[in-house]
Every structure is written in structure tokens, then in C-alpha cells.
Amino acid sequence: MSTIKIRFPDGQEKEYPEGVTAGEIAEGLGAGLARAALAALIDGEMVDLSRPLSQTGEIRLLTFDDPEGREVLRHSTSHVMAQAVQHLFPGVKLAIGPAIEDGFYYDFDVPQPFTPEDLTRIEEEMGRIIAADYPFLREEVSREEALRLFAERGEKYKVELIVDLPAGEPISLYRQGDFLDLCAGPHIPSTGKVKHFKLLSVAGAYWRGDEKRPMLQRIYGTVFAKKSDLEEYLRRLEEAKRRDHRRLGRELDLFSLQEEAGPGLVFWHPKGGLVRQLIEDFWRAEHRRRGYEIVFSPHIAKLDLWKISGHWSWYKENMYSPINIDEVEYLLKPMNCPFHILMYKSATRSYRDLPLRWGELGTVYRYERSGVLHGLLRVRGFTQDDAHLFVRPDQLKDELVGVIDLAQFMMESFGYQNYELMLSVRDPENKTKYIGSDEVWEMAEKALVGALQTKGLPYVLGEGEAKFYGPAIDITLKDALGRGWQGPTIQVDFNLPERFDLAYIGEDGQPHRPVMIHRTVLGSMERFMGGLIEHYAGAFPLWLAPVQARLLPITERHHEYAYSVQKRLQEAGLRVEVDPRSEKVGYKIRQAEMEKVPYMLVVGDKERDLGQVAVRQRQQGDLGPMGVEDFLSKARAEIGEKR
RNA sequence: GCCGGCGUAGCUCAGUGGUAGAGCAAUGCACUCGUAAUGCAUAGGUCAAGGGUUCAAGUCCCUUCGCCGGCUCCA
């Protein structure tokens, strides 16, 4: 029998008889690894551990610690779930069951939707399947064979999937026990490898995400290699629930949505309004510092304007019905760009005038389907921190660098240290669905790439992610729990300058077409605040806290002193309250802690006599007594650093 | 919009066809208190809205509205 050489990630090479499986190799390396191994990467291809190796190559054994290994376990668990569902609901039709971030799902066509009690039963049945430790068996079949197998089982979704598989693609099936599924694999060796799983929720989902097709029942679940990891994950879900901005918004009295007014319309209460103002003030100051000019534009405009801009044809389903004013139809604005363009056109622009950077906190209204509304994150009226830059082609790259720099500065000011960038470009397969010549797209993409390189920022390429009018950079923020939030977006636009026939007079005395950059760094005040509330769990840093300090007099005889300290701190610019109620200090502290007031200043006889305050920091506890002026400098330093 | 769940006091929630409840919050009174809840009392409800079944509906049925979890889309 001939031998083959297998190289390991550490560079070591070992000889094995031809036909050895990845699983056998793992066993040879140690029982621990053999137990942890879920699949293998052979020369970059993911395969089952049972796959025999026929030639020399490179191997990497995948465990739950590898992203690929996690994917395999999640995917296999979805098969186990599907098997359980098949046992409990005979006649169920299978759709698809992929691994997703943090878990997996499987879509089923069942006459009756699943109930939460069903999930428990399914989990129990999964437990039996796992205990039976069925091996996952792979087989490859012809297209005809696959079609026959699934057609006779009535699996119409699988049949549709097989029909759509590209010709020449091998068709593989996986079996475990009495369960058979169409699947590319790979899978874990046997169902017994599924250890710590939980089914989380059930929801409707359209077959292939298409609302014209049947509504299926989707069950979401998650699985981990270690019990502690599953528990940690479930804890994180609880923590996310605790931080939910809708809950904190009510508890901290920041904002509300009112049924009487209509869904998706936000009411900013005084405290939330204050935080928003602080953010906006900071935003305006920073923009002015960077050469932006702040503008204002109306909320409605003639329908004709939206026809010229193209919104009436390609954005109509998100716009509200026209309002008739003196026999002329007007539309509520869903975007600010046409207005800034009209302002641009109000004068002849010289190449010397460019770049123009016009920013606006512009409130727009968009129709969103009722089922998608969500707290502050998805609403029908919102204020974008919008800006449009009108630039010469030769200025494009530098301006993009400037925008990225501003975006970075703003994100970091709000405590977002981690973010991911995506360069959204055309779909190379289908260039016809985009406006503008190849030349101009290439110029814009080059400018975007150049800007990213100048900033030294890593990014992923999103092919086909561009809007039809130009490429873009989209930034995803990572919050304190590691969750992603839509952050700044920077779009290059060739379309609108064209449609509105924008021009500037060049050095040559001839008109030239400017390029537009649309950009937002916060997104919208609503969505940004929603994210920020969750990021900080409602405990805003001192510079953003609606109430920065609360004075807690111990008895009525300390009220006079408390008010005098309040006056001093207010004069210094701090937002300070006094809690004069005849309650015990413990009660007042509890209340201030729950309201997430950053500093509690306890004042009694000692403090009054020494001109001090006893400082308690939110979530930290008692910091001891301090002179009033000392506290003030401490607070000022903290505000200055935005921490 | 679609599928499913939910809607009882400001909030969190009990209430299994027979007189609408609790805790917290609010208000009043007493207490004058030293780092996460002082005690007592009072008030607070067209049980989301509308219709139906029934001797009787918070409870069963229908419709509408809203919210929640998803699908799709996006700031």
C-alpha cells in the first residue's frame, strides 16, 4: 500500500497510508483532539472527518475554536433539529437549514405553526437523537437519483433546490439514522458530538425570502462545545435585553412612541432631548471646525422636484402621498439631497468655490412597512446628520479622506473603538444596472480605495453592494456587547449632478460636472441614540448625562448648603439637581443609581462645615469627601475627555 | 405588508364565564435619617377599540389598532 505525506499547520509532516481518514489522523495525534475535532480542512477544502485522503496534502483539523468548525457544528445541529421535527411532525416538508452567526435555523413547511411548547418537545427529541449517536453518512448521487429520492418523499423545496443547482456540481446527500437531507456538508462525525444546544425562537419566514412565496416556519437555535459557553451566550442575550433602548428609554424617561400619534414617530422627552441636543451641538461645532457650512431646508417640495431627482420613480414606495396645496402637489421629503442641489444651483459656481461642504440635521419622512418598525432603530420620521460635498474630480480623494477622518473622530468620541469598513462596489457580473461610465466608476472606486489606504484602514470588498448611482464606504460599529450597528456611510454620486445638470466653471472657462459625496456619520439622530443607549446601557458618560450630579442632603437642615453647592456647580456649567425629599440617604442613592446619575453628592454636617461634598460615583461607590472646587475640576476633566 | 405571539392602573404582572387585584411609582401624613428601598394612609381601571355569543365576558368568537419575534428593506 502506498503512503501519502500530510503536512500540519505547524509545518510538521507525517506519512500515512493512502486512504487514511482525517478522523484517524486526529486520533493518532491524541484523544483530546480526536474528541474535539468536528471536521477538517484539506488543502483549503472543508471535508468530513470520515473522508479518506488519497494524496499528499495539507490538513487542518477544525474544532469549535475555529470559525469553520463552529459553522460545521451549527449546521449539523440544524440537521439534528430537522430530524427531531420530522419525528414529531410527520409530513413536514424541509426547506433549508444553514448555520448563521451565533447559531443556526431550519425552515419547515408545516400546516400548524410551532408553539413554544413544541420547541421543548423538539429539544427532548433532539436529546434522544444525540444519545443514539447516529453517524452522519455522506453519499454522492446523480441529479436524477437526487430528484427521484426527494420527489418520492414529497420534498418539493429540496426538488426545487436540486433543479437550481448548477450543472456539473456534485450532488451530495447526508444521512443520520432515518433522516436524509440534501446537503453539501461537511458534517460532524455523528450526532453524539452535539453537546450543548438550545432552541431559541420560532418565526415565520418566506421561502427564499420572497414574500410572494409560501410562508415557512423557522426555528432558531444555538449550539456550543462547552456548557459554560452556552450559558455565557444566554447570559449575553439577557444582558442585551436589559440594555434594550426601548426599555431604557422608558425607564430613564428619554423618549416615547405614542399610539395616539402613530407608529414610528418619536417623542423626545426633556432628558432624551437634552442628550440629543448635546450630541447635535458637538456635531455642529466639529463640522464647522472642519470647514462644513450648516444649512437648513424645507420639509416639503413640489412633486416635480422629486421627479427630476428620480426619487418619484425609484423611491416611490418609501414616500408618502402627495399633499395638494393650491392645486399643486407637494411631497414630504424622504431625503435632503435635492434641496442642497437647488442651493448649489442658486449661483454660478467657480472651481475656486469647490469643495462645498454643506451639512444639515435634516428631518425626513419615509414610509416603512408596519412590521419593520422597531423602537428608535426603524422609524418613519427621523433626522439625518446629512451632508453633501460638491467636489471637483481631482478633489474627490482628499475629500473622502476628510470624511473618513471625521467619521472616525465622531465614532471614537462616542466610545466606539471597534468598527468594520466595507467598500461597496458594482457587481462585476452585471454592470448594466448602474448609471455612469466605466471610466467614472473606476475613478470613484480608485478614489475610495486611495482614501482608505491613506487612512491605513482595512476593509472588506462588497461586490454588488453599491447603490446604482455610485460606490460607497459603509461602516459598521461594534458596541460594548460586540454587536454591529449601522454606522457612517459615504457614497459617491454621479447620478444627481447629471440629472440636475450641475456645473462649475473651470480654469478653462468651460462648465464641468462636479461629483457629489453624500455622507452621514451618525446615520440618524434616532438610530444613533438607540445604539448609544444600548452601548452605554443607559449610563451615559458625564458629558452626555442629562443629570450630571445630584446633591443628596441628609436632613432638612442641609438643604440650604445643598442649594448653595448646586448654584456654584450650575454656574460652572454642570447639570445638577438637589433631592430635597425627606427620605433616607440610602433611598435617594438607590434612586439616583437607577436613574444612572454619574455623581451623587451627599452633604451633611461635616461637608457643610468643611465646604465639601461626599462624592459617590455611579456603579463605583463612595469616593470620600472632596472640596467643592476639587469635585468641579475632576468633573471638568472627565467632561473634557468625554469618558 | 406577511406568519406567529401579546395588549388588565404610570411601570412590572396576577386574575381558568359569576363583585377587577398585587408590588413598585404617584399623592398625603409621620419620621430628620450618613452611601442601593422608613412606616402608615389615600387615590388611581370605558381590562387596546368596536362588534358578537351568553342569564352573565377581562376571560369565548370576529374585526380593527398597537406592540413583540422574524421574513424583506434600510438612516
Side-chain angles (χ1 to χ4, degrees), chain A residues 105 107 110 112-116 118 200-220 241 244 246-247 250-251 253 256-264 315 317-318 334-336 362-364 366-386 467 474 485-489 518-531 552-559 581-595 600-607 614-625:
Chain A
Y105 68 79
D107 285 346
V110 271
Q112 290 292 315
F114 299 113
T115 64
D118 290 336
L200 298 170
S201 62
V202 51
Y206 297 106
W207 169 233
R208 297 195 152 177
D210 182 346
E211 63 192 69
K212 293 185 189 67
R213 316 194 74 173
M215 172 69 69
L216 307 173
Q217 293 299 313
R218 173 173 300 179
I219 302 178
Y220 285 96
K241 223 188 263 176
D244 191 313
R246 292 167 299 186
R247 170 192 181 139
R250 188 177 53 242
E251 286 174 1
D253 198 16
S256 64
L257 293 121
Q258 306 279 342
E259 187 172 341
E260 292 89 332
Y315 206 67
E317 74 266 23
N318 285 297
M335 293 189 190
N336 304 300
T363 303
V364 297
R366 297 184 187 173
Y367 172 72
E368 297 286 355
R369 303 207 286 180
S370 60
V372 305
L373 299 172
H374 182 94
L376 292 181
L377 303 183
R378 194 66 182 275
V379 294
R380 285 181 172 163
F382 57 98
T383 302
Q384 286 183 298
D385 73 309
D386 210 356
K467 297 272 156 46
D474 293 299
W485 296 80
Q486 173 67 55
T489 63
H518 306 245
R519 45 109 284 190
T520 120
V521 294
L522 306 180
S524 73
M525 299 314 298
E526 287 74 10
R527 183 176 282 183
F528 186 73
M529 280 275 294
L552 311 180
I554 287 175
T555 74
E556 271 168 34
R557 68 175 182 277
H558 307 115
H559 283 191
R581 295 173 304 171
S582 67
E583 297 287 352
K584 292 184 176 178
V585 177
Y587 180 84
K588 295 181 182 181
I589 285 173
R590 177 179 158 79
Q591 189 125 2
E593 286 278 0
M594 289 195 305
E595 290 174 38
M600 287 145 273
L601 307 175
V602 179
V603 291
D605 289 337
K606 278 182 296 189
E607 288 75 20
V615 180
R616 181 189 167 99
Q617 190 169 16
R618 171 182 67 193
Q619 287 154 5
Q620 304 299 311
D622 194 359
L623 302 184

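Note on naming: letters A, B, ... go to the chains in the order of the sequence lines (proteins, then strands), and numbering restarts at 1 for each one. Only heavy atoms go into these numbers, but all of them, side chains included; no hydrogens, no water, no symmetry mates.
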Open item on the list: Looking at rA75(B) and F382(A): do their rings stack (centroid distance under 5.5 Å, interplanar angle under 30°)?
Closed with: yes
Task: Interatomic distance, I219(A) CD1 vs rG4(B) C1' [rounded to whole Å] - done: 12 Å
TODO: Quick one: label K606(A) by what it contacts on the DNA or RNA (base, sugar-phosphate, nothing), any heavy atom closer than 4.0 Å.
DONE: base
TODO: From the options rC33(B), rC71(B), rA36(B), select the nucleotide whose nearest atom is closest to the side chain of V372(A).
DONE: rC71(B)
Open item on the list: With hydrogens left out and only the distance checked, is there a donor-acceptor pair under 3.5 Å joining E607(A)'s side chain and the base of rG34(B)?
Closed with: yes
Task: Distance test, side-chain N/O of H374(A) to OP1/OP2 of rG69(B), below 4.0 Å - done: yes
Open item on the list: So that I can tick it off, tell me whether R616(A) and D622(A) are bridged by a salt bridge, with the cut-off set at under 4.0 angstrom between side-chain N and carboxylate O.
Closed with: no
Open item on the list: Using only modelled atom types and a 3.5 angstrom limit, is any donor from either the side chain of S582(A) or the base of rC31(B) paired with an acceptor on the other?
Closed with: yes
Open item on the list: Should the side chain of E556(A) and the base of rU32(B) be counted as holding a donor-acceptor pair, with the cut-off at 3.5 Å?
Closed with: yes
Open item on the list: Please classify the nucleic acid contact of A614(A) as base, sugar-phosphate, or nothing, using heavy-atom distances under 4.0 Å.
Closed with: base
Task: Nucleotide nearest Y587(A) (side chain, heavy atoms from C-beta), chosen from rG4(B), rU38(B), rU35(B) - done: rU38(B)
- [ ] Report which part of the nucleic acid R366(A) touches: base, sugar-phosphate, or nothing (heavy-atom distance under 4.0 Å, all strands).
- [x] base
Task: Distance, P atom - from rG21(B) to rU16(B), rounded to whole angstrom - done: 14 Å
Open item on the list: Give me the distance, rounded to whole Å, that separates rC24(B) from rC60(B) when you measure between the P atoms they each carry.
Closed with: 30 Å
Task: Flag side-chain contact, heavy atom, 4.5 Å: L373(A) against R380(A) - done: yes
Task: Integer angstrom distance from the C1' of rU32(B) to that of rG39(B) - done: 14 Å
Task: Strand partner of rC60(B), provided both Watson-Crick or wobble distances fall under 3.5 Å - done: rG52(B)
TODO: Report the nucleotide, chosen from rU32(B), rG34(B), rC71(B), that has the shortest atom-to-atom distance to any side-chain atom of A205(A).
DONE: rC71(B)
Task: For rC40(B), the Watson-Crick or wobble counterpart (both distances under 3.5 Å) - done: rG28(B)
TODO: Nearest-nucleotide wise, let me know which of R590(A) and L257(A) is further upstream toward the 5' end of RNA chain B.
DONE: R590(A)
Open item on the list: Does rG69(B) have OP1 or OP2 under 4.0 Å away from a side-chain N or O of R218(A)?
Closed with: no
Task: rU72(B) phosphate, OP1 or OP2, under 4.0 Å from R213(A) side-chain N/O - done: no
Open item on the list: Rounded to whole Å, please give me the gap between CD in E583(A) and P in rG34(B).
Closed with: 14 Å
Open item on the list: Could you check whether the side chain of R380(A) and the base of rA75(B) have a donor-acceptor pair of N or O atoms closer than 3.5 Å, going by distance alone?
Closed with: no
Open item on the list: For a quick check of understanding: with a heavy-atom distance under 4.0 Å over all strands, which category does E526(A) fall into, base, sugar-phosphate or nothing?
Closed with: nothing
Task: rA9(B) pairs with, by Watson-Crick or G-U criteria that keep both distances under 3.5 Å - done: none
Open item on the list: Tell me the interatomic distance from M594(A), atom CE, to rA36(B), atom C1', rounded to whole angstroms.
Closed with: 8 Å
Open item on the list: Under 4.0 Å, counting only non-hydrogen atoms across every strand here, what does D386(A) touch: a base, just sugar-phosphate, or nothing?
Closed with: nothing
Open item on the list: Rounded to whole Å, how long is the line connecting atom CG of D622(A) with atom C1' of rA36(B)?
Closed with: 13 Å
Task: P atoms of rU42(B) and rG50(B), separation to the nearest Å - done: 32 Å
- [ ] For Q217(A), answer base if it contacts any base atom (sugar-phosphate contacts may also be present), sugar-phosphate if it contacts only those atoms, and nothing otherwise; contact means non-hydrogen atoms under 4.0 Å.
- [x] sugar-phosphate
Open item on the list: Looking at S370(A), I'd like to know whether one of its side-chain N or O atoms comes within less than 4.0 Å of OP1 or OP2 on rG1(B).
Closed with: yes
Task: A203(A), nearest nucleotide to its side chain (from rC71(B), rG69(B), rA37(B)) - done: rG69(B)
- [ ] Look at all strands and tell whether G204(A) reaches a base, only sugar-phosphate, or nothing, counting heavy atoms closer than 4.0 Å.
- [x] base
TODO: Could you tell me whether R369(A) and E211(A) make a salt bridge, using a distance below 4.0 angstrom between a side-chain N and a carboxylate O?
DONE: yes
TODO: For E593(A), report the nucleic acid contact type (base, sugar-phosphate, nothing); a contact means any heavy atom under 4.0 Å.
DONE: base
Task: Proximity to the side chain of M215(A) - top-ranked nucleotide from rU35(B), rC3(B), rG69(B) - done: rC3(B)
Open item on the list: Between rA57(B) and rC61(B), how far apart are the two P atoms, rounded to whole Å?
Closed with: 15 Å
Open item on the list: Measuring from the side chain of P263(A) (C-beta onward, heavy atoms only), which nucleotide among rC67(B), rU72(B), rA25(B) has the closest atom?
Closed with: rC67(B)
TODO: Please tell me which of the listed nucleotides, rC3(B), rA25(B), rC65(B), lies nearest to the side chain of E259(A)?
DONE: rC65(B)
Open item on the list: Could you tell me how far rC29(B) sits from rG15(B) if I compare only their C1' atoms? Round to whole Å.
Closed with: 33 Å
Open item on the list: Under a 4.0 Å threshold between the charged nitrogen and the carboxylate oxygen, would D605(A) count as salt-bridged to R557(A)?
Closed with: yes
TODO: Please measure how far the C1' atom in rG45(B) lies from the corresponding atom in rG52(B), and state the result in whole Å.
DONE: 24 Å
TODO: Please confirm whether any donor atom in the side chain of Y206(A) sits under 3.5 Å from an acceptor in the base of rG1(B), or the reverse.
DONE: yes
Open item on the list: Closer than 4.0 angstrom, basic N to acidic O: yes or no for R208(A) and D210(A)?
Closed with: no
Task: Any donor-acceptor N/O pair under 3.5 Å between rA36(B) base and Q619(A) side chain - done: no
Task: Counterpart base for rU19(B), defined by Watson-Crick or G-U wobble contacts under 3.5 Å - done: none
- [ ] For V379(A), report the nucleic acid contact type (base, sugar-phosphate, nothing); a contact means any heavy atom under 4.0 Å.
- [x] base
Task: Watson-Crick or G-U wobble mate for rC71(B), both contacts under 3.5 Å - done: rG1(B)
Task: Presence of R250(A) side-chain N/O under 4.0 Å of rU12(B) phosphate oxygens OP1/OP2 - done: yes
Open item on the list: If I take atom CD in residue E368(A) and atom P in nucleotide rA75(B), what distance separates them, rounded to the nearest angstrom?
Closed with: 9 Å
TODO: Mark yes or no for whether H559(A), through its side chain, and P553(A), through its backbone, hold a donor-acceptor pair below 3.5 Å.
DONE: no
TODO: Report which part of the nucleic acid G209(A) touches: base, sugar-phosphate, or nothing (heavy-atom distance under 4.0 Å, all strands).
DONE: sugar-phosphate
Open item on the list: Taking the side chain as everything from C-beta on, heavy atoms only, tell me whether E593(A) gets closer than 4.5 Å to M600(A).
Closed with: yes
Task: Minimum side-chain heavy-atom gap Q384(A)-V364(A) below 4.5 Å - done: yes
Open item on the list: What's the gap between rC40(B) and rC47(B) when it is taken at their P atoms, as a whole Å value?
Closed with: 31 Å
- [ ] Grab the two heavy atoms, one from Q617(A) and one from L623(A), that are nearest each other, plus how far apart they are.
- [x] OE1-CD1, 3.7 Å
Open item on the list: Only pairs with both distances under 3.5 Å count, Watson-Crick or wobble alike; so what is the partner of rG34(B) in this structure?
Closed with: none
Open item on the list: If you assign each of V615(A) and L216(A) to its closest nucleotide in RNA chain B, which residue comes earlier from the 5' end?
Closed with: L216(A)
Task: Donor/acceptor link under 3.5 angstrom from R527(A) side chain onto base of rC74(B) - done: yes
Task: Non-hydrogen side-chain atoms of E526(A) and T383(A) separated by less than 4.5 Å - done: yes
Task: rU46(B) pairs with, by Watson-Crick or G-U criteria that keep both distances under 3.5 Å - done: none
- [ ] Would you mind classifying the nucleic acid contact of G371(A) as base, sugar-phosphate or nothing, using non-hydrogen atoms under 4.0 angstrom?
- [x] base
TODO: Could you check whether Y220(A) gets within reach of a base, just the sugar-phosphate, or nothing at all, counting any heavy atom under 4.0 Å?
DONE: sugar-phosphate
